[in-house]
Amino acid sequence: MAELCPNSQTDEQIVKKRRISDTNSDDPTSRFPDHVLHLIFSYLKSQDLFTVRLVSKNWHRNTPSYFPLEFEESNTPNTPSNVIQESHNKFLEWIRSSLETCQSELKKAEKRIIRVQFERHENINDLLELINEIDFHEVYLRFGCFNYWIPFIFQSKCLRVVHLTRGGIDKHLFSDETNFVCLEEVELDSVNLSGETLSKFISKCPNIRELKLVNCMVLRSVVLPKVDRLKKLYVQLVGSYPSITDVQVIAPSLQVFHFVQFNRCNVAVNMDIRACRMLREFHLECPTFPVGFDHEHFISDFPHLENLILGPCETSKRVKISSPSLRKLTLMFTQLYNYNYSRKSVVSVPNLCSFQYVGRTFKSSLAPSETRKLLKTIGISLVPHVEKINRAWFLQLRSHLTKLNNRIGLALTIRDQTSFSALGKRGHKLWSISIGRIPTQVVPHIGHLKLDIRFKVPEESHGCLLKYIIDNLLWMSHPNVLTLSMPTSFAAFALGICNEFLISRREGNCCADTQNKCWRHFLKDFMVREAVTNEKEELKKFSFVFTWQL
């Protein structure tokens, strides 16, 4: 039956309507008016605008114009001080002349960005004043030393992004009534500032949406009493710095919170983020479980939480991870279960879609229960100590894996450790004893094994270890694929060892005296595929595709 078109529509209107419909099928944003699309793109940072312009002609036409300026001061070692000072003065003069030359282009641009990397801090205050007079939207400054104190915070009327690396910020900069109303993103990397200074600074940024603090060595507390529009908060302290001991955040709109702290001081941080009830992503990595959380109701204060990354967080109390909203759970070298009580920690997440575990060894109690409907595959990545890889280690691993009902993706990473050379040319004396012929069936849920070898210089003991690991993995399961990843310098040696080892399965007398046959009697055939990698990459990947007899 032919389509009937209303008489009120002309042929031109019908063709135009069909053309718009076809365009919408490819690009849904084409139905937006130009000014709306332009407004959306105006919220992007400069690093994203270039990519956006390449998507389509429509996006290119509506991308705000931006003008970036980038200056980097070079530093040549073993140079006389007078030459260094002269070079520094020329660098400052280059920036001044560039700013004067580009004035007209800067005024026309809808986004103005400046990036400056200083190696020295002499005579730069006047230059910072000049930069401040120009209304930049994004300012990225990297100072060459930690003991330079920034004279002021930029007060541009349209400043949205400030990234500072090194240098220091004093609390007296915020003693007046000046607020930074337009500022939306602040990143402080290796900046000297106290917790009091940070609180004063952020209190004057009512519209801040993202705050990132990286290795601020003087920082001992992160107290943000009222940040209504804050969406993302990142706190990272890794190295030989004193610990952050106090975290208090009242941010009702906060959706992402990362707290990563590793140093020599094993001090528990006092953390209160209960007011952040809109939290959707929580990344908590610290040696000791924070004080302030209810162990029995760890994440109950976050009803919208979807992604949780946790580890090691050592604690002696029972910790319960239970949430109907959680979709992704990652445990990394977790110590939540190292306590003296007989009760086990509970992981009850009925709607979980992804579970990843990273650690030295694995126990079935670490895996979530009652997640068969949505959770299809459990990812387990183990980084064992070389000297602890023996028959007991593989038997324990297999006993825990057999208790899981989900498909399993198992990955082992073997690192080149200093104690490895002490094991001798033939390796560990127990490497000749595999898990072997026991009546336990193979783990049927493992379809893909990954083995990441980090050795660089081939040794005879490396070959013994490699054969021992593959032997035990194939005793434990009959995977479809075994993927080996290794440095290029180790690839030829490892590939030769594996081929020789797998081909030896053709010796049919290996299990003549027992009814429990080894994996060689079930392996019908295999082939090797080399993954295509970039020539500059230092890693090689080979996949062994197995065909097993039923």
Side-chain angles (χ1 to χ4, degrees), residues 44-54 64-156 158-169 183-193 210-217 234 236 238-239 536:
L44 296 177
K45 293 194 296 183
S46 58
Q47 60 189 17
D48 301 319
L49 289 177
F50 178 78
T51 306
V52 166
R53 293 168 67 92
L54 302 177
S65 60
Y66 63 96
F67 193 85
L69 289 171
E70 186 168 352
F71 306 94
E72 181 177 350
E73 185 175 8
S74 60
N75 184 15
T76 305
N78 302 324
T79 304
S81 58
N82 60 333
V83 177
I84 294 177
Q85 186 61 46
E86 182 181 356
S87 176
H88 177 66
N89 294 335
K90 290 181 179 180
F91 175 71
L92 299 182
E93 184 60 33
W94 173 41
I95 298 177
R96 291 190 186 95
S97 61
S98 299
L99 292 176
E100 293 177 0
T101 305
C102 302
Q103 274 190 353
S104 59
E105 289 85 354
L106 287 171
K107 290 180 180 179
K108 296 176 183 178
E110 297 174 86
K111 274 187 177 292
R112 295 172 288 276
I113 305 99
I114 186 168
R115 291 180 172 87
V116 185
Q117 179 174 332
F118 297 100
E119 290 295 335
R120 301 178 65 87
H121 61 276
E122 293 88 350
N123 305 323
I124 67 174
N125 287 0
D126 293 339
L127 179 61
L128 295 180
E129 289 281 2
L130 179 61
I131 295 175
N132 189 38
E133 294 175 0
I134 302 174
D135 288 336
F136 282 101
H137 296 81
E138 300 177 20
V139 175
Y140 304 84
L141 299 180
R142 183 184 182 93
F143 301 100
C145 60
F146 298 96
N147 58 0
Y148 170 73
W149 293 90
I150 300 170
F152 55 86
I153 300 296
F154 292 91
Q155 300 177 3
S156 168
C158 53
L159 184 62
R160 291 186 175 181
V161 179
V162 170
H163 286 200
L164 301 178
T165 302
R166 300 195 187 99
I169 300 178
L183 199 56
E184 297 181 354
E185 179 181 326
V186 175
E187 179 177 330
L188 306 177
D189 188 344
S190 304
V191 174
N192 290 328
L193 81 166
E210 182 174 336
L211 174 61
K212 190 172 184 179
L213 308 170
V214 180
N215 292 339
C216 296
M217 59 187 72
Y234 305 91
Q236 177 179 318
V238 179
K536 297 181 180 180

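For this chain, numbers begin at 1 and follow the sequence in order.
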Does the side chain of I113 come within less than 4.5 Å of F136's, by heavy atoms?
no
side-chain contact (heavy atoms from CB on, under 4.5 Å) for I150 and L164? Distances and angles first, verdict last.
CA-CA 10 Å; I150 300 170; L164 301 178; 3.6 Å; yes
Are any side-chain N or O atoms of N192 and backbone N or O atoms of R166, one a donor and one an acceptor, separated by less than 3.5 Å?
no
So V162 and L159, do their side chains get closer than 4.5 Å, heavy atoms only?
yes
Could you tell me which non-hydrogen atom of A109 sits nearest to which non-hydrogen atom of F67, and how far apart they are?
CB-CB, 3.7 Å
How many angstroms lie between atom CZ of R115 and atom CD of E72, to the nearest 0.5 angstrom?
12.0 Å
Determine whether Q117 and Y140 satisfy the following criterion, side-chain contact (heavy atoms from CB on, under 4.5 Å), listing intermediate values before the conclusion.
CA-CA 8 Å; Q117 179 174 332; Y140 304 84; over 6 Å; no
With E86 via side-chain contact (heavy atoms from CB on, under 4.5 Å) - residues at least two apart:
K90
Can you check whether Q155's main-chain N or O pairs, donor with acceptor, with N132's side chain at less than 3.5 Å?
yes
Got a second to check how far C102's SG is from I134's CD1, nearest 0.5 Å?
9.0 Å
Below 4.5 Å, heavy atoms only, C-beta onward: do Q85 and R120 meet side chain to side chain?
yes
Beyond-backbone contact of L188 with I169, side-chain heavy atoms, under 4.5 angstrom
yes
Between the CH2 atom in W94 and the CD atom in E73, the distance rounded to the nearest 0.5 Å is 10.0 Å
Under the side-chain contact (heavy atoms from CB on, under 4.5 Å) rule, what do C216 and L193 come out as? Steps first, then yes or no, please.
CA-CA 7 Å; C216 296; L193 81 166; 4.0 Å; yes
Between the main-chain N or O of V161 and the side-chain N or O of E138, is there a donor-acceptor pair closer than 3.5 Å?
no
Validation row: L127, E129 side chains within 4.5 angstrom (heavy atoms)
no
Just so I know, are the side chains of F154 and L141 near enough to count as touching, which here means a heavy-atom distance under 4.5 Å?
yes
Would you say the side chains of N89 and E93 form a donor-acceptor pair under 3.5 Å?
no
How far apart are the closest heavy atoms of E210 and Y234, and which atoms are they?
OE2-CE1, 3.9 Å
Any chance you could measure E133, atom CD, to L128, atom CG, to the nearest 0.5 Å?
11.5 Å
Do the side-chain N and O atoms of E119 and H88 include a donor-acceptor pair separated by under 3.5 angstrom?
no
What do the steps show when you test V116 against I95 for side-chain contact (heavy atoms from CB on, under 4.5 Å), and what is the final call?
CA-CA 9 Å; V116 185; I95 298 177; 3.9 Å; yes
Rounded to the nearest 0.5 Å, the CD atom of E187 sits from the CG atom of L211 at a distance of 9.5 Å
Where do E122 and L92 come nearest, in terms of heavy atoms and distance?
O-CD1, 3.8 Å
Closest non-hydrogen contact found for V238 with N215 is N-OD1, 2.9 Å
I'd like to check L130 versus R96 (side-chain heavy atoms, cut-off strictly below 4.5 Å). Are they in contact?
yes
When rounded to the nearest 0.5 angstrom, what distance separates CG in N82 from OG in S87?
11.5 Å
Under 6.0 Å between the ring centres of F146 and Y148?
no
Could you check whether any side-chain N or O of R112 sits under 3.5 Å from a backbone N or O of D135, counting only pairs where one atom can act as donor and the other as acceptor?
yes
Are the side chains of N125 and F152 in touch, meaning some heavy atoms are under 4.5 Å apart?
no
